[in-house]
2 protein chains.
Amino acid sequence: MPKSELKAKETVKRSTRELLLDVAEELFTDHGFDGTSVRDITEQAGTRLASINYHFGTKKSLFIAVIMRRAIVLCEERLVMLRDIDIDGIEASDALYQLIDAFVLPLLKHSTKGDPGWKNYCRLIAQTSTYRQAYEDNTVREVFDPPAYEFIKCLKKIMPKASDQQVQYAFQFMLGTTLYVFTENLRLDGMTEGKYRSGDMNNIYPSLLKYICGGILNLSITT
Amino acid sequence: MPKSELKAKETVKRSTRELLLDVAEELFTDHGFDGTSVRDITEQAGTRLASINYHFGTKKSLFIAVIMRRAIVLCEERLVMLRDIDIDGIEASDALYQLIDAFVLPLLKHSTKGDPGWKNYCRLIAQTSTYRQAYEDNTVREVFDPPAYEFIKCLKKIMPKASDQQVQYAFQFMLGTTLYVFTENLRLDGMTEGKYRSGDMNNIYPSLLKYICGGILNLSITT
DNA sequence: GTCTATAGCTTGATAGAC
DNA sequence: GTCTATCAAGCTATAGAC
(Lines give C-alpha, C1' and ligand atoms only; values in the text may rest on other atoms or scores of the structure.)
Protein backbone atom coordinates (compact mmCIF):
# COMPACT_ATOMS: atom_id res chain seq x y z
CA MET A 1 0.00 0.00 0.00
CA PRO A 2 1.54 3.36 -1.05
CA LYS A 3 2.11 6.12 1.46
CA SER A 4 -0.53 8.46 0.04
CA GLU A 5 -3.24 5.84 0.43
CA LEU A 6 -2.26 5.24 4.02
CA LYS A 7 -2.45 8.93 4.77
CA ALA A 8 -5.87 9.19 3.13
CA LYS A 9 -7.17 6.37 5.24
CA GLU A 10 -5.88 8.03 8.38
CA THR A 11 -7.62 11.27 7.49
CA VAL A 12 -10.93 9.58 6.86
CA LYS A 13 -10.97 7.13 9.73
CA ARG A 14 -11.11 8.75 13.13
CA SER A 15 -9.27 6.94 15.87
CA THR A 16 -11.44 4.65 17.97
CA ARG A 17 -10.84 6.89 20.93
CA GLU A 18 -12.18 9.98 19.17
CA LEU A 19 -15.08 8.02 17.74
CA LEU A 20 -16.09 6.81 21.19
CA LEU A 21 -15.89 10.35 22.53
CA ASP A 22 -18.18 11.61 19.76
CA VAL A 23 -20.78 8.91 20.23
CA ALA A 24 -20.68 9.18 24.03
CA GLU A 25 -21.10 12.94 23.76
CA GLU A 26 -24.24 12.51 21.71
CA LEU A 27 -25.80 9.80 23.85
CA PHE A 28 -24.95 11.42 27.19
CA THR A 29 -26.61 14.59 25.89
CA ASP A 30 -29.79 12.86 24.77
CA HIS A 31 -30.21 10.36 27.60
CA GLY A 32 -28.00 11.48 30.45
CA PHE A 33 -25.12 9.64 32.11
CA ASP A 34 -27.21 6.99 33.83
CA GLY A 35 -29.58 6.71 30.88
CA THR A 36 -26.74 5.69 28.60
CA SER A 37 -25.06 2.29 28.85
CA VAL A 38 -21.60 1.48 27.59
CA ARG A 39 -23.32 -1.01 25.31
CA ASP A 40 -25.35 1.77 23.71
CA ILE A 41 -22.16 3.66 23.04
CA THR A 42 -20.08 0.81 21.64
CA GLU A 43 -22.94 -0.47 19.50
CA GLN A 44 -23.53 2.90 17.89
CA ALA A 45 -19.79 3.35 17.45
CA GLY A 46 -19.45 -0.08 15.86
CA THR A 47 -16.82 -1.16 18.36
CA ARG A 48 -16.77 -3.92 20.94
CA LEU A 49 -17.90 -3.63 24.52
CA ALA A 50 -14.38 -3.82 25.93
CA SER A 51 -13.13 -0.86 23.89
CA ILE A 52 -14.41 1.70 26.37
CA ASN A 53 -12.67 0.08 29.31
CA TYR A 54 -9.49 -0.23 27.28
CA HIS A 55 -9.42 3.40 26.19
CA PHE A 56 -10.92 5.13 29.22
CA GLY A 57 -10.90 2.66 32.12
CA THR A 58 -14.42 3.29 33.40
CA LYS A 59 -17.66 4.78 32.13
CA LYS A 60 -17.26 7.68 34.55
CA SER A 61 -13.79 8.44 33.19
CA LEU A 62 -15.21 8.46 29.69
CA PHE A 63 -17.78 11.03 30.78
CA ILE A 64 -15.11 13.27 32.28
CA ALA A 65 -13.05 12.89 29.11
CA VAL A 66 -16.05 14.02 27.04
CA ILE A 67 -16.50 17.10 29.22
CA MET A 68 -12.81 17.96 29.25
CA ARG A 69 -12.05 17.52 25.56
CA ARG A 70 -13.74 20.72 24.43
CA ALA A 71 -13.66 22.57 27.75
CA ILE A 72 -10.06 23.63 27.30
CA VAL A 73 -10.80 25.05 23.86
CA LEU A 74 -13.89 26.88 25.04
CA CYS A 75 -12.26 28.41 28.10
CA GLU A 76 -9.24 29.58 26.16
CA GLU A 77 -11.40 31.29 23.55
CA ARG A 78 -13.33 33.08 26.27
CA LEU A 79 -10.14 34.33 27.89
CA VAL A 80 -8.74 35.60 24.59
CA MET A 81 -11.89 37.65 24.00
CA LEU A 82 -11.96 38.88 27.59
CA ARG A 83 -8.38 40.14 27.40
CA ASP A 84 -9.15 42.04 24.23
CA ILE A 85 -11.58 44.35 26.02
CA ASP A 86 -10.22 47.87 26.51
CA ILE A 87 -11.93 48.51 29.85
CA ASP A 88 -10.49 51.95 30.50
CA GLY A 89 -11.01 53.22 26.98
CA ILE A 90 -14.76 52.70 26.71
CA GLU A 91 -17.95 53.29 28.64
CA ALA A 92 -18.93 50.90 31.39
CA SER A 93 -22.06 49.68 29.66
CA ASP A 94 -20.09 48.94 26.49
CA ALA A 95 -17.44 47.11 28.46
CA LEU A 96 -20.12 45.05 30.18
CA TYR A 97 -21.64 44.18 26.85
CA GLN A 98 -18.28 43.02 25.53
CA LEU A 99 -17.64 40.97 28.66
CA ILE A 100 -20.91 39.11 28.22
CA ASP A 101 -20.10 38.66 24.56
CA ALA A 102 -16.74 37.16 25.49
CA PHE A 103 -18.54 34.67 27.70
CA VAL A 104 -21.32 33.64 25.35
CA LEU A 105 -20.01 34.12 21.80
CA PRO A 106 -17.58 31.18 21.87
CA LEU A 107 -20.52 28.93 22.76
CA LEU A 108 -22.63 30.41 19.97
CA LYS A 109 -19.88 30.07 17.38
CA HIS A 110 -19.33 26.40 18.06
CA SER A 111 -23.02 25.66 18.47
CA THR A 112 -23.93 27.09 15.08
CA LYS A 113 -20.91 26.15 12.99
CA GLY A 114 -22.48 22.90 11.81
CA ASP A 115 -20.38 20.50 13.83
CA PRO A 116 -22.95 18.28 15.57
CA GLY A 117 -20.34 17.33 18.14
CA TRP A 118 -20.02 20.89 19.41
CA LYS A 119 -23.78 21.37 19.33
CA ASN A 120 -24.19 18.30 21.54
CA TYR A 121 -21.39 19.48 23.78
CA CYS A 122 -23.01 22.84 24.45
CA ARG A 123 -26.26 21.15 25.39
CA LEU A 124 -24.39 18.63 27.53
CA ILE A 125 -22.51 21.12 29.71
CA ALA A 126 -25.68 23.20 30.03
CA GLN A 127 -27.65 20.20 31.29
CA THR A 128 -24.80 18.98 33.45
CA SER A 129 -24.52 22.34 35.21
CA THR A 130 -27.83 21.77 36.97
CA TYR A 131 -26.58 18.59 38.65
CA ARG A 132 -24.52 18.83 41.79
CA GLN A 133 -22.60 15.64 41.03
CA ALA A 134 -20.84 16.98 37.97
CA TYR A 135 -19.39 20.05 39.64
CA GLU A 136 -18.11 17.91 42.50
CA ASP A 137 -15.46 16.50 40.18
CA ASN A 138 -12.20 18.35 40.76
CA THR A 139 -10.89 17.97 37.23
CA VAL A 140 -13.93 19.77 35.86
CA ARG A 141 -13.68 22.56 38.41
CA GLU A 142 -10.01 23.10 37.66
CA VAL A 143 -10.84 23.89 34.05
CA PHE A 144 -13.99 25.96 34.42
CA ASP A 145 -13.27 27.92 37.60
CA PRO A 146 -10.07 29.85 36.72
CA PRO A 147 -11.61 31.54 33.66
CA ALA A 148 -14.71 32.30 35.74
CA TYR A 149 -12.53 34.12 38.26
CA GLU A 150 -11.10 36.22 35.43
CA PHE A 151 -14.59 37.24 34.38
CA ILE A 152 -15.49 38.18 37.94
CA LYS A 153 -12.31 40.22 38.28
CA CYS A 154 -13.17 42.06 35.11
CA LEU A 155 -16.77 42.59 36.23
CA LYS A 156 -15.49 44.28 39.36
CA LYS A 157 -13.41 46.70 37.33
CA ILE A 158 -16.38 47.56 35.16
CA MET A 159 -18.70 48.04 38.15
CA PRO A 160 -16.42 49.48 40.86
CA LYS A 161 -19.34 50.56 43.02
CA ALA A 162 -21.02 47.15 43.11
CA SER A 163 -20.49 45.00 46.20
CA ASP A 164 -18.65 41.70 46.06
CA GLN A 165 -21.94 39.90 46.59
CA GLN A 166 -23.65 41.69 43.73
CA VAL A 167 -20.82 40.81 41.37
CA GLN A 168 -20.87 37.16 42.40
CA TYR A 169 -24.61 37.04 41.92
CA ALA A 170 -24.32 38.81 38.59
CA PHE A 171 -21.93 36.18 37.31
CA GLN A 172 -24.18 33.34 38.43
CA PHE A 173 -27.21 34.94 36.77
CA MET A 174 -25.29 35.41 33.53
CA LEU A 175 -24.19 31.80 33.73
CA GLY A 176 -27.69 30.55 34.46
CA THR A 177 -29.42 32.45 31.70
CA THR A 178 -26.80 31.44 29.18
CA LEU A 179 -26.71 27.76 30.06
CA TYR A 180 -30.48 27.46 30.12
CA VAL A 181 -30.68 28.87 26.61
CA PHE A 182 -28.02 26.48 25.37
CA THR A 183 -29.89 23.43 26.65
CA GLU A 184 -32.24 23.94 23.68
CA ASN A 185 -34.90 22.21 25.73
CA LEU A 186 -37.71 22.71 23.17
CA ARG A 187 -39.95 24.52 25.65
CA LEU A 188 -40.13 27.58 23.36
CA ASP A 189 -40.91 25.35 20.39
CA GLY A 190 -43.70 23.62 22.25
CA MET A 191 -45.28 26.76 23.64
CA THR A 192 -45.28 28.62 20.32
CA GLU A 193 -46.12 25.54 18.23
CA GLY A 194 -42.88 25.90 16.32
CA LYS A 195 -43.20 29.58 15.54
CA TYR A 196 -40.00 30.20 17.47
CA ARG A 197 -37.36 27.59 18.14
CA SER A 198 -35.01 27.08 21.05
CA GLY A 199 -32.42 25.84 18.56
CA ASP A 200 -32.43 29.07 16.56
CA MET A 201 -29.37 30.37 18.35
CA ASN A 202 -28.35 33.02 15.84
CA ASN A 203 -31.68 34.76 16.28
CA ILE A 204 -31.87 34.37 20.05
CA TYR A 205 -28.34 35.59 20.61
CA PRO A 206 -28.78 39.40 20.31
CA SER A 207 -31.78 39.28 22.64
CA LEU A 208 -29.93 37.10 25.10
CA LEU A 209 -27.08 39.60 25.29
CA LYS A 210 -29.39 42.56 25.78
CA TYR A 211 -31.24 40.70 28.51
CA ILE A 212 -28.13 39.77 30.47
CA CYS A 213 -26.67 43.25 30.01
CA GLY A 214 -29.82 44.97 31.24
CA GLY A 215 -30.10 42.56 34.13
CA ILE A 216 -26.59 43.11 35.43
CA LEU A 217 -26.82 46.87 34.99
CA ASN A 218 -30.05 46.96 36.98
CA LEU A 219 -28.46 44.78 39.64
CA SER A 220 -25.77 47.33 40.35
CA ILE A 221 -28.22 50.17 40.78
CA THR A 222 -29.12 50.72 44.43
CA THR A 223 -32.67 51.91 44.84
CA MET B 1 -59.41 0.81 69.66
CA PRO B 2 -61.38 4.07 70.24
CA LYS B 3 -62.04 6.47 67.40
CA SER B 4 -59.75 9.22 68.67
CA GLU B 5 -56.78 6.85 68.73
CA LEU B 6 -57.45 5.77 65.18
CA LYS B 7 -57.56 9.35 64.01
CA ALA B 8 -54.30 10.16 65.78
CA LYS B 9 -52.60 7.26 64.10
CA GLU B 10 -53.86 8.40 60.73
CA THR B 11 -52.50 11.89 61.29
CA VAL B 12 -49.05 10.63 62.23
CA LYS B 13 -48.65 7.88 59.67
CA ARG B 14 -48.58 9.07 56.11
CA SER B 15 -50.13 6.75 53.60
CA THR B 16 -47.69 4.48 51.81
CA ARG B 17 -48.48 6.30 48.61
CA GLU B 18 -47.51 9.70 50.01
CA LEU B 19 -44.42 8.23 51.63
CA LEU B 20 -43.25 6.77 48.35
CA LEU B 21 -43.81 10.11 46.63
CA ASP B 22 -41.71 11.92 49.23
CA VAL B 23 -38.83 9.47 49.07
CA ALA B 24 -38.91 9.32 45.27
CA GLU B 25 -38.90 13.12 45.11
CA GLU B 26 -35.75 13.25 47.18
CA LEU B 27 -33.88 10.52 45.35
CA PHE B 28 -34.86 11.67 41.86
CA THR B 29 -33.59 15.12 42.81
CA ASP B 30 -30.25 13.90 44.10
CA HIS B 31 -29.52 11.15 41.57
CA GLY B 32 -31.82 11.71 38.60
CA PHE B 33 -34.46 9.40 37.18
CA ASP B 34 -32.07 6.82 35.75
CA GLY B 35 -29.71 7.13 38.70
CA THR B 36 -32.45 6.05 41.09
CA SER B 37 -33.72 2.47 41.22
CA VAL B 38 -37.10 1.43 42.54
CA ARG B 39 -35.20 -0.61 45.10
CA ASP B 40 -33.44 2.53 46.36
CA ILE B 41 -36.84 4.13 46.85
CA THR B 42 -38.61 1.26 48.54
CA GLU B 43 -35.66 0.52 50.81
CA GLN B 44 -35.45 4.11 52.05
CA ALA B 45 -39.23 4.19 52.43
CA GLY B 46 -39.21 0.95 54.39
CA THR B 47 -41.69 -0.68 52.04
CA ARG B 48 -41.41 -3.71 49.81
CA LEU B 49 -40.27 -3.69 46.22
CA ALA B 50 -43.72 -4.42 44.83
CA SER B 51 -45.32 -1.40 46.51
CA ILE B 52 -44.29 0.99 43.75
CA ASN B 53 -45.79 -1.14 41.01
CA TYR B 54 -48.94 -1.58 43.06
CA HIS B 55 -49.44 2.12 43.75
CA PHE B 56 -48.11 3.65 40.54
CA GLY B 57 -47.82 0.93 37.94
CA THR B 58 -44.38 1.78 36.58
CA LYS B 59 -41.34 3.75 37.69
CA LYS B 60 -42.04 6.30 34.98
CA SER B 61 -45.59 6.82 36.25
CA LEU B 62 -44.20 7.39 39.72
CA PHE B 63 -41.93 10.10 38.35
CA ILE B 64 -44.82 11.85 36.63
CA ALA B 65 -46.85 11.58 39.84
CA VAL B 66 -44.02 13.26 41.75
CA ILE B 67 -43.89 16.12 39.27
CA MET B 68 -47.65 16.56 39.15
CA ARG B 69 -48.39 16.44 42.88
CA ARG B 70 -47.08 19.91 43.65
CA ALA B 71 -47.34 21.37 40.15
CA ILE B 72 -51.05 22.09 40.50
CA VAL B 73 -50.48 23.93 43.77
CA LEU B 74 -47.59 25.94 42.37
CA CYS B 75 -49.37 26.96 39.18
CA GLU B 76 -52.51 28.00 41.00
CA GLU B 77 -50.57 30.21 43.40
CA ARG B 78 -48.83 31.88 40.50
CA LEU B 79 -52.13 32.60 38.77
CA VAL B 80 -53.68 34.05 41.92
CA MET B 81 -50.78 36.48 42.27
CA LEU B 82 -50.82 37.33 38.59
CA ARG B 83 -54.53 38.22 38.63
CA ASP B 84 -53.97 40.51 41.58
CA ILE B 85 -51.83 42.87 39.53
CA ASP B 86 -53.55 46.15 38.69
CA ILE B 87 -51.90 46.61 35.30
CA ASP B 88 -53.70 49.77 34.28
CA GLY B 89 -53.36 51.46 37.64
CA ILE B 90 -49.56 51.39 37.95
CA GLU B 91 -46.45 52.12 35.95
CA ALA B 92 -45.19 49.55 33.46
CA SER B 93 -41.94 48.89 35.31
CA ASP B 94 -43.86 48.29 38.55
CA ALA B 95 -46.28 45.97 36.80
CA LEU B 96 -43.38 44.04 35.30
CA TYR B 97 -41.78 43.71 38.69
CA GLN B 98 -45.01 42.34 40.13
CA LEU B 99 -45.40 39.91 37.25
CA ILE B 100 -41.94 38.48 37.87
CA ASP B 101 -42.72 38.33 41.57
CA ALA B 102 -45.89 36.38 40.82
CA PHE B 103 -43.81 33.88 38.88
CA VAL B 104 -40.95 33.42 41.33
CA LEU B 105 -42.34 34.13 44.79
CA PRO B 106 -44.43 30.94 45.05
CA LEU B 107 -41.25 28.96 44.38
CA LEU B 108 -39.34 30.95 46.99
CA LYS B 109 -42.04 30.60 49.63
CA HIS B 110 -42.16 26.83 49.35
CA SER B 111 -38.42 26.46 49.00
CA THR B 112 -37.70 28.34 52.21
CA LYS B 113 -40.61 27.32 54.41
CA GLY B 114 -38.73 24.39 55.93
CA ASP B 115 -40.54 21.56 54.17
CA PRO B 116 -37.72 19.47 52.66
CA GLY B 117 -40.20 17.97 50.23
CA TRP B 118 -40.88 21.31 48.58
CA LYS B 119 -37.19 22.21 48.61
CA ASN B 120 -36.44 18.99 46.73
CA TYR B 121 -39.34 19.60 44.38
CA CYS B 122 -38.11 23.03 43.35
CA ARG B 123 -34.67 21.61 42.59
CA LEU B 124 -36.23 18.70 40.74
CA ILE B 125 -38.36 20.71 38.31
CA ALA B 126 -35.44 23.08 37.75
CA GLN B 127 -33.14 20.20 36.81
CA THR B 128 -35.82 18.45 34.81
CA SER B 129 -36.47 21.54 32.71
CA THR B 130 -33.10 21.16 30.99
CA TYR B 131 -34.00 17.71 29.69
CA ARG B 132 -36.06 17.37 26.53
CA GLN B 133 -37.60 14.07 27.66
CA ALA B 134 -39.54 15.55 30.57
CA TYR B 135 -41.30 18.25 28.57
CA GLU B 136 -42.30 15.68 25.98
CA ASP B 137 -44.81 14.23 28.45
CA ASN B 138 -48.26 15.65 27.69
CA THR B 139 -49.52 15.50 31.25
CA VAL B 140 -46.72 17.75 32.40
CA ARG B 141 -47.25 20.21 29.56
CA GLU B 142 -50.96 20.45 30.28
CA VAL B 143 -50.25 21.70 33.78
CA PHE B 144 -47.34 24.04 33.16
CA ASP B 145 -48.26 25.56 29.81
CA PRO B 146 -51.64 27.22 30.47
CA PRO B 147 -50.32 29.39 33.33
CA ALA B 148 -47.32 30.25 31.17
CA TYR B 149 -49.67 31.56 28.48
CA GLU B 150 -51.33 33.77 31.07
CA PHE B 151 -47.99 35.27 31.99
CA ILE B 152 -47.17 35.93 28.35
CA LYS B 153 -50.56 37.54 27.80
CA CYS B 154 -49.92 39.81 30.76
CA LEU B 155 -46.40 40.59 29.57
CA LYS B 156 -47.84 41.79 26.27
CA LYS B 157 -50.19 44.16 28.06
CA ILE B 158 -47.35 45.58 30.10
CA MET B 159 -45.08 45.99 27.06
CA PRO B 160 -47.47 46.86 24.23
CA LYS B 161 -44.68 48.02 21.93
CA ALA B 162 -42.64 44.82 22.20
CA SER B 163 -42.89 42.31 19.37
CA ASP B 164 -44.35 38.86 19.88
CA GLN B 165 -40.89 37.38 19.52
CA GLN B 166 -39.41 39.66 22.15
CA VAL B 167 -42.14 38.74 24.61
CA GLN B 168 -41.69 35.01 23.97
CA TYR B 169 -37.94 35.35 24.45
CA ALA B 170 -38.46 37.43 27.57
CA PHE B 171 -40.56 34.71 29.14
CA GLN B 172 -37.99 32.03 28.32
CA PHE B 173 -35.17 34.11 29.78
CA MET B 174 -37.15 34.73 32.96
CA LEU B 175 -37.85 31.02 33.17
CA GLY B 176 -34.23 30.09 32.54
CA THR B 177 -32.72 32.45 35.08
CA THR B 178 -35.25 31.44 37.71
CA LEU B 179 -34.92 27.71 37.22
CA TYR B 180 -31.13 27.81 37.17
CA VAL B 181 -31.12 29.60 40.52
CA PHE B 182 -33.50 27.06 42.02
CA THR B 183 -31.30 24.13 41.07
CA GLU B 184 -29.04 25.21 43.96
CA ASN B 185 -26.21 23.58 42.08
CA LEU B 186 -23.48 24.65 44.56
CA ARG B 187 -21.42 26.42 41.90
CA LEU B 188 -21.59 29.71 43.83
CA ASP B 189 -20.61 27.92 47.02
CA GLY B 190 -17.63 26.29 45.34
CA MET B 191 -16.39 29.42 43.61
CA THR B 192 -16.60 31.61 46.72
CA GLU B 193 -15.46 28.90 49.13
CA GLY B 194 -18.73 29.08 51.01
CA LYS B 195 -18.81 32.87 51.37
CA TYR B 196 -22.05 32.91 49.41
CA ARG B 197 -24.40 29.99 49.06
CA SER B 198 -26.67 28.92 46.22
CA GLY B 199 -29.12 27.66 48.84
CA ASP B 200 -29.46 31.06 50.48
CA MET B 201 -32.63 31.83 48.56
CA ASN B 202 -33.97 34.60 50.79
CA ASN B 203 -30.85 36.63 50.16
CA ILE B 204 -30.57 35.87 46.46
CA TYR B 205 -34.22 36.63 45.78
CA PRO B 206 -34.21 40.48 45.66
CA SER B 207 -31.19 40.44 43.34
CA LEU B 208 -32.78 37.81 41.14
CA LEU B 209 -35.88 39.94 40.69
CA LYS B 210 -33.90 43.07 39.89
CA TYR B 211 -31.85 41.15 37.36
CA ILE B 212 -34.83 39.67 35.53
CA CYS B 213 -36.66 42.99 35.61
CA GLY B 214 -33.71 44.92 34.19
CA GLY B 215 -33.16 42.24 31.58
CA ILE B 216 -36.69 42.27 30.25
CA LEU B 217 -36.88 46.06 30.27
CA ASN B 218 -33.67 46.30 28.28
CA LEU B 219 -34.98 43.68 25.87
CA SER B 220 -37.94 45.82 24.89
CA ILE B 221 -35.81 48.85 24.15
CA THR B 222 -34.94 49.09 20.46
CA THR B 223 -31.52 50.61 19.88
C1' DG C 1 -5.29 -2.54 20.05
C1' DT C 2 -9.10 -5.65 19.27
C1' DC C 3 -11.75 -9.73 20.06
C1' DT C 4 -14.63 -13.36 22.76
C1' DA C 5 -16.46 -14.95 26.79
C1' DT C 6 -18.07 -14.44 31.10
C1' DA C 7 -18.21 -13.13 35.95
C1' DG C 8 -20.97 -10.90 39.28
C1' DC C 9 -24.37 -7.92 40.17
C1' DT C 10 -28.55 -4.84 39.55
C1' DT C 11 -32.43 -3.69 37.00
C1' DG C 12 -37.97 -3.15 36.41
C1' DA C 13 -41.82 -5.80 36.70
C1' DT C 14 -44.98 -9.62 37.95
C1' DA C 15 -47.31 -13.87 39.85
C1' DG C 16 -49.59 -15.57 43.54
C1' DA C 17 -50.14 -16.43 48.65
C1' DC C 18 -52.05 -14.04 52.56
C1' DG D 1 -52.86 -3.56 50.40
C1' DT D 2 -48.77 -6.10 51.59
C1' DC D 3 -45.70 -9.90 51.42
C1' DT D 4 -42.27 -13.44 49.17
C1' DA D 5 -40.16 -15.30 45.39
C1' DT D 6 -38.56 -15.07 41.03
C1' DC D 7 -38.03 -14.02 36.13
C1' DA D 8 -35.74 -12.24 32.20
C1' DA D 9 -32.99 -8.81 30.90
C1' DG D 10 -29.76 -5.50 31.55
C1' DC D 11 -25.60 -3.62 33.61
C1' DT D 12 -20.16 -2.52 34.29
C1' DA D 13 -15.96 -4.46 34.24
C1' DT D 14 -12.34 -7.89 33.45
C1' DA D 15 -9.54 -11.98 31.99
C1' DG D 16 -7.11 -13.88 28.47
C1' DA D 17 -6.52 -15.32 23.46
C1' DC D 18 -4.99 -13.26 19.24
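The sequence lines fix the lettering, A, B, ..., with proteins before strands; numbering per chain opens at 1.
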Problem set entry | Candidates dT4(D), dT11(C), dT14(D) - which lies nearest the side chain of Ala50(B) | dT4(D)

For this session: Please work out if Thr47(A) contacts a base, only the sugar-phosphate, or nothing of the nucleic acid, heavy-atom cut-off 4.0 Å.
Result: nothing

For this session: Identify whether any heavy atom of Thr42(A) sits under 4.0 Å from a base atom; if not, whether one sits that close to sugar-phosphate; answer base, sugar-phosphate or nothing.
Result: nothing

Problem set entry | Between dT4(C) (P) and Tyr54(A) (OH): distance, integer Å | 17 Å

For this session: Name the nucleic acid region contacted by Ser61(B), choosing base, sugar-phosphate or nothing; use a 4.0 angstrom heavy-atom cut-off, strictly under.
Result: nothing

For this session: Decide, yes or no, whether a salt bridge links Arg123(B) with Asp30(B) under the criterion of side-chain N to carboxylate O below 4.0 Å.
Result: yes

Exercise. What integer distance in Å separates Phe56(A):CZ from dG1(C):P?
Worked result: 12 Å

Seminar exercise, completed: Separation of dT4(C) atom P from Leu49(A) atom CG, nearest Å, is 11 Å

Problem set entry | Given dA13(C), dT2(C), dT2(D), the nucleotide with the shortest approach to the side chain of His55(A) | dT2(C)

For this session: Could you check how far CG of Asn53(B) sits from C1' of dT6(D), rounded to whole Å?
Result: 14 Å

Problem set entry | Below 4.0 Å: OP1/OP2 of dT4(D) and any side-chain N or O of Arg48(B) | yes

Problem set entry | Passing option when Phe182(A) is tested against Leu107(A), Thr177(A), Leu124(A) for side chain to side chain contact (heavy atoms under 4.5 Å, CB included) | Leu107(A)

Problem set entry | Spacing between Ile52(A) atom CD1 and dT14(D) atom C1', to the nearest angstrom | 14 Å

Problem set entry | Leu27(B) CG to dT11(C) C1', straight-line distance once rounded to whole Å | 16 Å

Seminar exercise, completed: Nearest-nucleotide check on DNA chain D, Asp40(A) vs Gly57(A); residue mapping nearer the 5' end is Asp40(A)

Exercise. Any donor-acceptor pair under 3.5 Å linking the side chain of Asn185(B) with the backbone of Arg132(A)?
Worked result: no

Exercise. Is any side-chain N or O of Ser51(A) closer than 4.0 Å to OP1 or OP2 of dT2(C)?
Worked result: no

Problem set entry | Distance, rounded to the nearest Å, where Leu19(A) contributes CG and dT2(C) contributes C1' | 14 Å

Exercise. Base, sugar-phosphate, or nothing for Thr16(B), non-hydrogen atoms under 4.0 angstrom?
Worked result: sugar-phosphate

Problem set entry | Residues Asp22(B), Arg69(B): salt bridge by 4.0 Å N-O rule | yes

For this session: Send over the distance from Lys59(B) NZ to dT10(C) C1', rounded to a whole Å.
Result: 11 Å

For this session: Would you confirm whether Thr29(A), through its side chain, and Asn120(A), through its main-chain N or O, come within 3.5 Å as a donor-acceptor pair?
Result: yes

